[in-house]
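Note that these values count all heavy atoms, side chains included, but never hydrogens, waters or copies made by symmetry. Atoms within each ligand, like the ligands themselves, are counted from 1 in listed order.
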Amino acid sequence: AKAGGKSCYSVFNSNMHAEAMSRLQIEAELNRGIEQNNFVLVYQPQIELQSKELLGMESLVRFYHPQYGLMSPLRFIPILEDTGIIIKIGEWIIQTAVHQFKTWQDAGLPLKHVAVNLSATQFRNKHLLDSVREALEKSGLSAECLELELTESLLLEDTNSAVKTLKQFKDMGIRVTIDDFGTGYSSLSYLRRFPVDSLKIDKSFIKGIISEPEDIAITVATIDMAHALGLSVIAEGVETVEQRDFLRDHGCDCAQGYYYSQPLNHEEFAKWTIEYEK
Ligand code: C2E
Ligand code: CA
Ligand code: CA
Ligand code: CA
């Protein structure tokens, strides 16, 4: 820091220092999070719209901060990304989701796949494929049961290397979904190049599919385009029966959202699955 500048010093002490401290503190807590069992995965059911069949679930990470309580992933994922801690946590997420899914499958729950979110730093990490392969081997889960969710903007950062990594996933038999579809650059030509299996329509569009002409147009166009390209479509953020019916009637393949269930911890999810009636 610069010498002198008394006001500068005091400003640092009062505001920036406190902010930097809490950020450092949060980083340290996140770093210790795995050992201290402060990370938890919750699971949200995914339903096939025509058959009403339960297909699988998306895993979503939660962090219980010792002082601040439950923190949103929207807040802590960026910190994990900035610090690189996401690599370690990301491996824990994949291992935990895959292991949990295999346990349920072995127990006879009729589930086809588990979807896991990957962030940009994870996707660019050169050990990603090995750690995914290792998680599958350790748990004994078949690769076809794992689906990875990657955002559109992440894939567009470096399309050549993205295509390469996606091909390797495909060769392994892992399914890939483009998450938050429609919120990115909306240049559609790249879709042809990406070997992916499905598109997930972002909940910001689903919110308006009953009343907003633009959201209706985008949603219907996405469903038709996905099918024309041989991809399946899932809608997230489905909260009402009207939204569910609209999506089903317009050919959307799958849906998830509060209409069916909030994301649930593993005990609640198992119970939900057993009690689910089509
Ligand atoms: P996302 O992947 O787009 O996940 C969907 C978000 O919508 C989740 O928020 C989910 O809880 C929420 N949601 C589910 N159903 C509804 C609904 O009917 N209405 C509304 N309004 N929201 C619904 P969440 O769990 O807070 O996660 C936020 C974001 O954090 C995720 O967005 C994803 O980008 C990131 N994230 C979550 N878990 C992970 C993870 O394990 N790894 C990575 N890399 N990112 C994650
Ligand atoms: Ca997702
Ligand atoms: Ca989304
Ligand atoms: Ca997202």
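Against a heavy-atom cut-off of under 4.0 Å, Leu74 is close to the following atoms of ligand 1: 28 (C), 29 (C). Shown in contact with Gln44 at under 4.0 Å from a heavy atom are these atoms of ligand 1, numbered in order with element: 14 (C), 15 (N). Close approach of ligand 1 to Gly257 is summarised as follows: ligand atoms under 4.0 Å from at least one heavy atom of the residue are 15 (N), 18 (O). For ligand 1, the atoms lying closer than 4.0 Å to a non-hydrogen atom of Arg62 are 11 (O), 24 (P), 25 (O). Under a 4.0 Å criterion applied to the non-hydrogen atoms of Glu239, ligand 1 contributes the atoms 17 (C), 18 (O), 19 (N), 20 (C), 21 (N). Listed by number with element, the atoms of ligand 1 under 4.0 Å from a non-hydrogen atom of Gln122 are 44 (N). Numbered from 1 in the order shown, with element, the atoms of ligand 1 that lie under 4.0 Å from a heavy atom of Ile77 read 43 (C), 45 (N), 46 (C). Listed by number with element, the atoms of ligand 1 under 4.0 angstrom from any heavy atom of Asp179 are 2 (O).
Remark: side-chain polar atoms of Asn117 are not paired, donor with acceptor, to backbone N or O of Glu149 under 3.5 angstrom. With hydrogens and angles disregarded, a donor-acceptor distance shorter than 3.5 Å links the side chain of Thr165 to the backbone of Ser161.
Between the choices Leu60, Ile206, Ile94, the shortest heavy-atom distance to atom 8 (C) of ligand 1 belongs to Leu60.
Residues passing the side-chain contact (heavy atoms from CB on, under 4.5 Å) test with Ile210, sequence neighbours excluded: Glu242, Gln243, Phe246. By the side-chain hydrogen bond (donor to acceptor under 3.5 Å, both in side chains) test, Asp249 is found to be paired with no residue, residues two or more places apart in sequence or in another chain being considered.
Ligand 1 is never approached by Lys207 to a heavy-atom distance shorter than 4.0 Å. Distances from ligand 1 to the non-hydrogen atoms of Glu58 include at least one value under 4.0 Å.
Backbone and side-chain nitrogen or oxygen atoms of Asp180 are examined, and one is located within less than 3.5 angstrom of a nitrogen or oxygen of ligand 1. Between Val61 and ligand 1, at least one pair of N/O atoms sits closer than 3.5 Å. By the 3.5 Å distance cut-off applied to N or O atoms, Ser72 is not counted among the residues near ligand 1.
Under 4.0 Å from ligand 1, heavy atoms of Asn117 appear from its side chain as well as its backbone. With a heavy-atom cut-off of 4.0 Å, Pro263 touches ligand 1 through its side chain alone. Residue-level proximity to ligand 1 for Gln262 is absent, since no heavy atom of it falls below 4.0 angstrom.
Under 3.5 Å, the side chains of Asp253 and His227 contain a donor-acceptor pair of N or O atoms. At a cut-off of 3.5 Å, with distance as the only test, a side-chain donor of Gln25 or Gln67 sits close to an acceptor on the other residue. In the model, Glu58 has no side-chain atom that pairs as donor or acceptor with a side-chain atom of Gln46 under 3.5 Å.
Between Phe39 and Phe63, the angle of the ring planes lies from 30° to 60°, which puts this pair in the tilted group.
Among the atoms of Asn117, an N, O or S atom falls under 3.0 Å from the Ca ion (ligand 2). Residue contact annotation: Asp179 places no N/O/S atom under 3.0 Å from the Ca ion (ligand 3). Residue side and main chain included, Glu236 places no N/O/S atom under 3.0 Å of the Ca ion (ligand 2).
Annotation: the span from Trp272 atom CH2 to Tyr260 atom OH amounts to 8.5 Å, rounded to 0.5 Å.
For Asp202, the N/O/S atom at the shortest distance from the Ca ion (ligand 3) is named OD1. Nearest to the Ca ion (ligand 2), among the N, O or S atoms that Glu149 has, is OE1. As for Asp180, its N/O/S atom nearest the Ca ion (ligand 3) is the one called OD1. Take the N/O/S atoms of Glu58: the one nearest the Ca ion (ligand 2) is OE2.
The number of heavy atoms from other shown groups lying within 6.0 Å of CZ (Arg32) is above 12. Remark: His65 NE2 is packed, more than 12 non-hydrogen atoms of other residues, nucleotides or ligands lying under 6.0 Å away. The number of heavy atoms from other shown groups lying within 6.0 Å of NZ (Lys88) is above 12.
Using a 4.0 Å cut-off between a side-chain N of Lys or Arg and a carboxylate O of Asp or Glu, Lys52 and Glu48 do not qualify as a salt bridge.
Contact annotation: the side chain of Thr273 never approaches that of Trp104 to less than 4.5 Å [non-hydrogen atoms, C-beta and beyond].
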